[in-house]
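Notes for the one structure printed next.
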Number of protein chains: 2
Amino acid sequence: MTSVNDDSRVGAAHVGRLLGMALLRIRAEILATTSERFPGLRVSHYRLLELIPPDGARITDLAEIATMTKQGLGQHVDYLQRLGYTTSERLPEDRRVRLVRRTPLGDEALAYSQAAIARVEERWSRQLGPDRYESFRQTLRELGAD
Amino acid sequence: MTSVNDDSRVGAAHVGRLLGMALLRIRAEILATTSERFPGLRVSHYRLLELIPPDGARITDLAEIATMTKQGLGQHVDYLQRLGYTTSERLPEDRRVRLVRRTPLGDEALAYSQAAIARVEERWSRQLGPDRYESFRQTLRELGAD
DNA sequence: TATTGTTATACTCTATAACTATA
DNA sequence: TATAGTTATAGAGTATAACAATA
């Protein structure tokens, strides 16, 4: 009775579980290589830092890009701003709007997380060979765009 | 300023985002095809139903298989039991142990979610062709086992 | 003493509803 | 009135700590 289902083996796992395991690895790699240098930043914050263009963006636009509510996104922005990773200012021509920008510290944190992702991509590319890895990425792109 | 980063395009998305998008599709497909028939069951519950072998399992073992704490897993088991998808009984030979089993309703719900996953797999297999799809699955297996 | 499972509590992520300030 | 953003609240998922019952 303490045995597990056959499906719990990696070989028989369904595609949802396989995708989930791969995703967990990336998240773990990001945190492992950033958490000491940028304590308090979590994966969700790196995702938001990635979405901010160099000249800044409005909360409403970021929320749409992130497919989140502006309330939820605003909470992350407040958090990042408190820690010094973003700044924001009201637009003079429309003072309802808050333009959010990364600080230099935010740029640095983003570069770190992108380097972590790049390391995973390089490891996977070495493991599979560049052709198979590029083919894997291409498949993911097609499945995401269907 | 309302433009988005280049990386927000699917084509340039990093592998973490690509994996996340594919995973969201599967989760949405499971819920879309089960929520009417099994209201109250969420994706996390289907995952747990999958892990229970036909002859039952202990909470501690399920927690290990699921890589969750036994507290967290026990909460899901309580929920499923309240809705009639699982039952449990203390073992006579060790009354600390609760043996968790799926009910016939739990079997039915599990079959439904597995059918939903199978439909995604078939759709993806048609979309990519069976060879490319099997190669994609094989790559995911290798990345999950590294 | 060690193990199984529970209770209490908290954190993360995200959502909905109601609101304020500005246009 | 409409829009940008905020405040308040809640639910989903999961974690840690302290505990009770049993071995």
Side-chain angles (χ1 to χ4, degrees), chain A residues 1-2 16-17 20 23-24 27-28 30-31 35 38-49 51-52 56-83 86-101, chain B residues 1-2 16-17 20 23-24 27-28 30-31 35 38-49 51-52 56-83 86-101:
Chain A
M1 83 187 62
T2 55
R17 178 121 58 246
L23 197 53
L24 280 176
R27 296 176 59 90
I30 292 174
L31 284 181
S35 63
F38 302 106
L41 284 192
R42 301 185 296 266
V43 173
S44 61
H45 303 134
Y46 289 112
R47 179 172 177 244
L48 173 49
L49 288 174
L51 296 179
I52 301 172
R58 310 184 318 158
I59 298 220
T60 300
D61 293 334
L62 288 174
E64 192 187 342
I65 300 166
T67 53
M68 285 177 62
T69 59
K70 55 189 183 173
Q71 296 96 312
L73 193 121
Q75 222 173 306
H76 281 315
V77 166
D78 290 344
Y79 182 88
L80 289 170
Q81 186 158 330
R82 238 181 304 125
L83 295 183
T86 58
T87 48
S88 61
E89 49 176 330
R90 298 282 170 174
L91 285 187
E93 65 268 30
D94 184 346
R95 300 204 18 258
R96 293 172 303 178
V97 173
R98 224 174 109 191
L99 190 69
V100 181
R101 285 193 181 86
Chain B
M1 80 185 66
T2 55
R17 179 121 57 248
L23 197 52
L24 281 177
R27 296 175 61 91
I30 292 173
L31 284 182
S35 63
F38 302 105
L41 284 191
R42 302 185 293 268
V43 173
S44 60
H45 303 134
Y46 289 113
R47 177 170 178 248
L48 173 48
L49 288 175
L51 295 178
I52 302 173
R58 309 183 320 157
I59 298 221
T60 300
D61 292 334
L62 288 174
E64 192 188 342
I65 300 166
T67 55
M68 286 177 60
T69 60
K70 55 189 183 172
Q71 296 96 313
L73 192 122
Q75 222 172 305
H76 281 315
V77 166
D78 289 344
Y79 183 88
L80 289 171
Q81 186 158 331
R82 237 180 304 124
L83 294 184
T86 58
T87 49
S88 62
E89 49 176 331
R90 299 284 169 173
L91 285 187
E93 66 267 30
D94 183 345
R95 300 205 17 256
R96 294 172 304 180
V97 173
R98 221 174 110 192
L99 190 69
V100 181
R101 286 193 180 86

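So you know, we letter chains A, B, ... as the sequences are listed, proteins then strands, and number each from 1.
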Are [X] and [Y] side-chain neighbours, meaning at least one heavy-atom pair lies under 4.5 Å?
X	Y	answer
Leu49(B)	Thr86(B)	yes
Ile59(A)	Val97(A)	no
Met68(B)	His76(B)	yes

- Contact nearer the 5' end of DNA chain C, comparing Arg98(B) with Pro92(A):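 First, find each residue's nearest nucleotide; the 5'-ward one identifies Arg98(B).
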Could you tell me how far apart [X] ([atom1]) and [N] ([atom2]) are, to the nearest whole angstrom?
X	N	atom1	atom2	result
Arg27(B)	dT14(C)	CZ	P	12 Å
Leu99(B)	dT4(C)	CG	C1'	13 Å
Leu41(A)	dC13(C)	CG	P	11 Å

- Message: Is there a side-chain contact between Thr69(A) and the phosphate of dT14(C), meaning an N or O under 4.0 Å from OP1 or OP2?
- Response: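 So the side chain of Thr69(A) is outside the cut-off, no N or O lying under 4.0 Å from OP1 or OP2 of dT14(C).
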- So, is Arg96(B) close to the dT3(C) phosphate, meaning a side-chain N or O under 4.0 Å from OP1 or OP2?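 Checking dT3(C) against Arg96(B), no side-chain N or O comes under 4.0 Å of OP1 or OP2.
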- Pull out every residue in residues 70-82 of chain A that has a heavy atom closer than 4.0 Å to any atom of DNA chain D, ordered by number, or say none. Lys70(A), Gln71(A)
- Arg90(A) side-chain N/O to Arg96(A) backbone N/O, donor-acceptor pair under 3.5 Å: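 Yes, Arg90(A) side chain to Arg96(A) backbone: donor-acceptor pair under 3.5 Å.
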- Message: For Leu73(B) versus Ala66(B), what's the shortest heavy-atom pair and its separation?
- Response: CD1-CB, 3.9 Å
- Message: On a heavy-atom basis, which atom in Gly56(B) and which in Arg101(B) lie closest, and how many Å separate them?
- Response: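 Result for this residue pair: CA-CG, 3.8 Å.
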- With a cut-off of 6.0 Å (strictly less than), are more than 12 heavy atoms of other residues, nucleotides or ligands near CZ of Arg42(B)? yes
- All pairs passing salt bridge (Lys or Arg N to Asp or Glu O under 4.0 Å) where residues 69-78 of chain B contributes a residue, at least two apart: Asp78(B)-Arg98(B)
- Span of DNA chain D in contact with chain A (heavy atoms, under 4.0 Å):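 So the outermost contacting nucleotides come out as dA2(D) to dT7(D).
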- Message: Under 4.0 Å, heavy atoms only, any strand: does Thr60(A) hit a base, just the sugar-phosphate, or nothing?
- Response: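 The residue Thr60(A) makes sugar-phosphate contact but no base contact.
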